[in-house]
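First the structure, in the form of structure tokens, and then the observations on it.
Keep in mind it's a predicted model, so treat the numbers as computed, not measured.
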Amino acid sequence: MFTLPRLAVAPALGRTASSALAASLSTAAAARAGPAVKVDRKKEIQAAKGRNVVLVDAARTPFVMAGTDFKPLWSHDLLRKAFKGLLAKTQLDTEHLDYVIAGNVLQEVKTSNVAREAALGAGIPDSVPAHTVTMACISSNQALTTGASMIASGQIDSMIFGGTEVMSDVPIRFSRPLRRLMLDAQKVRSPQGWINLLKRFRPSMLAPELPAVAEFSTNEVMGHSADRLAAAFDISREAQDDFALRSHMNALEAGKAGKLSDIVPVYVPGKKEPVVADNGVRITPREKLASLNPAFVKPHGTVTAGNASFLTDGASAGLIMSEDKALELGYKPLAYIREYEYVAQDPKDELLLGPAYVTPKVLAKAGLTLDDISVFEYHEAFAGQLLANIAALESEWFCKNKLGLDAAFGSIDMDKLNNWGGSLSIGHPFAATSTRLTYHAAKRLQDADTKYALTAACAAGGLGSGNVIERYE
Amino acid sequence: MKLTQGNYPAPLAILETVKAGLEEGMVRGLAKEASEFGRLSQTFQSKGLVSLFFAQQHCKKNRFGTPDAPINNVAVLGAGLMGAGVAQVSAVKGMNVILKDASEQGLANGMAQIQGNLDKRVKKKATTSLEANRAVARVTPQLDYAGFDNTDLVIEAVFEDLDLKKKIVKETEASLKKGAIFASNTSALPIKDIATASRDPSKVIGMHYFSPVDKMQLLEIITTDKTSDATAAAAVDVGLRQGKTVIAVGDGPGFYTTRILAPMLAEAIALLMRGVEFKKLDTASKKMGFPVGAVTLADEVGLDVGMHVSDSLSKAFPTRVGGPHADAGVAALKAMVDAKYLGRKAGKGCFIYEGGKSKSRAVNDAAVKIFTSAKPAGLSTMSKDVSDEDLGLRLVARFVNEAVHCLDEGILHSATDGDVGAVFGLGFPPFYGGPFRFVDVFGADNLVELMARFKDEDGGAEHWDPSPVLLDMAKSGKKFHN
């Protein structure tokens with residue numbers, strides 16, 4: 001395990017400070033930094049890219065804690081219901097649907113193209129092609145941006161993007177030696193063959209293979225990495241718990257005020273009533289939060305079950321079109337999908353720093369500054385992780401050395417961040433989250449009557465995404 | 001034999017033929033097969049079943065013509081047993097269905113029923129999971145009237161209460177597309193009464209489905225004198241596309257199916273009051289050829305439903321459904337309802353349904369007491385030695401007599417419609433080909449004589465008076481079918 005030097009001053013919410021990272025962090029990061037100077041190339045970029053892409057609407061199933069309301073369902077069930085909900089919400093004539101892409105992380109063995117199967121089951125004509133993407137927590141963002149590129153370049157006019165995740169049931173496989181035995185059994189032709197086969201059996205072969213909780217390349221559990229990241233940026237336990245509570249309170253208020261209008265009811269076999277709300281939102285008393293034990297780094301870690309996102313079941317779907325097509329069909333779009341950017345960095349020490357890396361890049365591409373952004377929707381994988389990313393952007397050292405900038409990038413105004421709750425409270429079905437971030441961003445822009453929003457998320461594998469969204473007038 | 005109750009000669013003939021072939025060799029076997037086939041083809045059962053087949057084919061045609069634009073957007077009001085069933089058969093056949101209910105629980109139950117039925121079909125490999133998912137995706141459950149401005153047909157399947165239905169008509173029409181059809185699934189409330197609440201009675205029609213909707217073939221469509229032919233054509237078309245065999249009848253009390261059932265159930269109740277054992281009556285009706293015993297049928301329909309129907313149809317037809325002992329019958333049913341013995345849906349009716357297999361259902365002794373103690377003074381106790389055949393014929397005779405009245409009054413368009421409706425909606429013994437063919441087979445003269453005997457046995461009760469049509473046929477030898 002490696003240690004990080006502590007700082008003299010702890011960066012807390014919104015305050016600037018300098019931070020120092022251990023030299024053992026990858027030095028290659030500096031080479032990947034984005035442009036050093038703000039470029040106002042917006043119009044050129046748009047002209048080069050082609051048509052305007054607009055978000056028409058989005059829908060999602062309630063996000064529920066794994067092992068609760070959606071236990072009897074499969075990921076393709078949830079995605080199908082999200083698609084159906086979206087079609088009902090938009091009253092889209094599927095004559096005008098060209099493509100479907102959805103994300104999924106924990107793939108169900110039954111089908112590797114859950115988007116296709118869910119689309120068929122939802123009543124989308126079988127003539128609409130569909131494919132499935134996987135990019136960990138930003139899978140549905142990848143679905144969105146792939147589709148947006150296809151629309152912008154004129155390949156298609158409209159598509160449905162989304163994502164689904166069911167954590168209540170996971171693919172548990174037979175061990176490889178036992179699989180080998182079973183496959184070889186198909187070739188056995190004689191009693192002697194059976195005997196030879198059975199001779200190879202060992203009781204140890206019965207131990208199942210579980211899906212990985214740890215990062216493939218580093219074998220580190222994500223929460224552990226988050227704890228190290230929080231420590232590196234000196235994010236205190238208090239700050240993390242405060243942020244978690246904030247997330248839940250915002251989600252609760254937003255739910256009451258009817259802001260979570262992307263939710264569609266889900267009928268679960270055996271349930272007397274449809275599931276109509278997220279069930280992870282809860283206001284835990286501050287003292288209770290403070291009393292929880294660290295979950296990943298014991299005994300002195302800061303990441304607990306209370307300030308980390310929880311395992312969730314849920315699915316989401318959104319409809320994007322070229323602006324012309326949307327207007328032709330009589331829709332009033334919610335927003336323009338203006339810019340999108342992906343970043344990738346070291347999975348070992350920068351696993352969850354995606355938002356910090358992507359924010360300056362995507363803003364530069366869009367010709368905007370942090371001050372131009374009125375709505376921030378950042379994925380809350382862990383309270384500590386998000387706060388660390390915010391601190392990184394405020395850190396001169398980080399911005400100079402890792403992002404190749406001249407100075408600290410800036411502060412994200414906390415009053416504009418995740419105002420309707422976030423992944424910590426609403427839940428995080430891996431592949432479904434980015435759709436929700438996009439919808440929240442678009443609706444918050446409409447609600448506040450302001451212009452630009454920025455969505456960003458980190459993802460396993462050391463990946464990150466960032467989108468600039470503009471309100472549609 | 002257990003399944004056919006000896007009413008179908010073919011299985012026995014098959015066994016004899018196979019036996020001959022095995023014992024006497026192929027040539028003799030084939031000869032026997034030929035001769036048995038010939039013999040069977042001349043039996044009334046064969047003729048009955050053949051005519052039933054043709055009748056069914058006839059009822060798969062739309063006698064009102066084909067509508068110009070087929071209806072694809074349907075709304076169902078009420079997500080109960082019937083509503084969810086109608087939604088299911090519509091969605092499975094490609095129609096878009098809005099399923100509206102007053103409560104989320106109602107919607108959840110309805111959707112669970114549809115999903116459950118389709119899952120069973122997938123398990124049986126009667127359909128693929130893809131088709132099942134697509135069908136469910138065509139159903140939109142909701143609590144409000146969103147989308148009704150794009151709906152061409154509303155089928156109402158709410159509680160059997162006239163005031164409620166009239167209120168629903170007004171409420172729905174406030175959001176409903178102009179020119180859309182409003183259909184009611186009521187089993188006995190007059191459609192013209194429901195139509196008084198509508199903005200356009202020419203668009204109001206009855207669409208009476210049978211439970212379970214996904215399995216019972218019959219759809220009884222009821223037209224008032226105000227219903228337009230276009231409305232009827234459209235409704236029949238939807239029914240045919242849902243896979244139903246359709247008959248269109250007039251808007252009299254009980255329409256056709258409920259009405260012909262009423263005197264039969266009145267007879268059954270009277271027999272129970274006269275001390276006939278529940279299981280004996282069930283056996284007698286099954287021997288007669290009904291798939292379900294009369295007492296079990298009452299439990300399945302629901303004794304509360306039976307009570308309402310008996311009550312209203314007794315008033316409409318005081319002689320044949322009413323009669324001197326009808327009040328006692330209704331009172332007995334009311335006592336059953338008060339004691340919460342509603343039938344299968346309540347777990348207890350004439351039989352007890354809690355747990356256990358349906359084969360060895362226990363008789364509800366309390367129910368026996370209710371019926372026997374409700375026997376009015378004027379009604380004699382039935383002899384313990386009464387034959388099953390007599391019991392069965394009593395039930396059938398009252399059923400058939402009422403059917404004949406329906407044809408005579410113009411409620412039925414044709415005897416064929418009547419045969420189809422009785423067999424596919426109520427389980428009238430199919431091998432007779434329906435009540436009208438029964439008259440032809442049994443002989444109108446024999447039937448009239450039989451009813452006279454029953455009238456005598458029952459102290460001159462007028463409900464045994466045959467319809468004038470029957471009396472005429474008995475004299476002239478005319479038949480309903482050639």
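If you measure heavy-atom distances from A:V276 to chain B, the contacts under 4.5 Å come from the side chain alone. For A:P274, the parts lying under 4.5 angstrom from a heavy atom of chain B are both the backbone and the side chain. Contacts of A:K84 with chain B are made by side-chain atoms alone, with heavy-atom separations under 4.5 Å and no backbone atom involved.
The OG1 atom of B:T140 sits 7.5 Å away from atom CD of A:Q91, with the distance rounded to the nearest 0.5 Å. Separating the CZ atom in B:R134 from the CG atom in A:D126 is a distance of 5.0 Å, to the nearest 0.5 Å. Rounded to the nearest 0.5 angstrom, A:K272 NZ and B:L107 CG are separated by 15.0 Å.
Remark: A:F174 CZ is loosely packed, at most 12 non-hydrogen atoms of other residues, nucleotides or ligands lying under 6.0 Å away. Counting non-hydrogen atoms of other residues, nucleotides and ligands closer than 6.0 Å to NZ of B:K120 gives a total of 12 or fewer. Counting heavy atoms of neighbouring residues, nucleotides and ligands inside a 6.0 Å radius, atom NE2 of B:H308 does not exceed 12 of them. By the neighbour-count criterion of 12 heavy atoms within 6.0 Å, atom CG of B:D68 is sparsely surrounded, having that number or fewer from other residues, nucleotides or ligands.
Scanning all heavy atoms of the two residues, the minimum distance from A:Y267 to B:P141 falls at CE1-CG, 3.1 Å.
The choice from B:R138, B:M111, B:Q105 that makes the most heavy-atom pairs within less than 4.5 Å of chain A is B:Q105.
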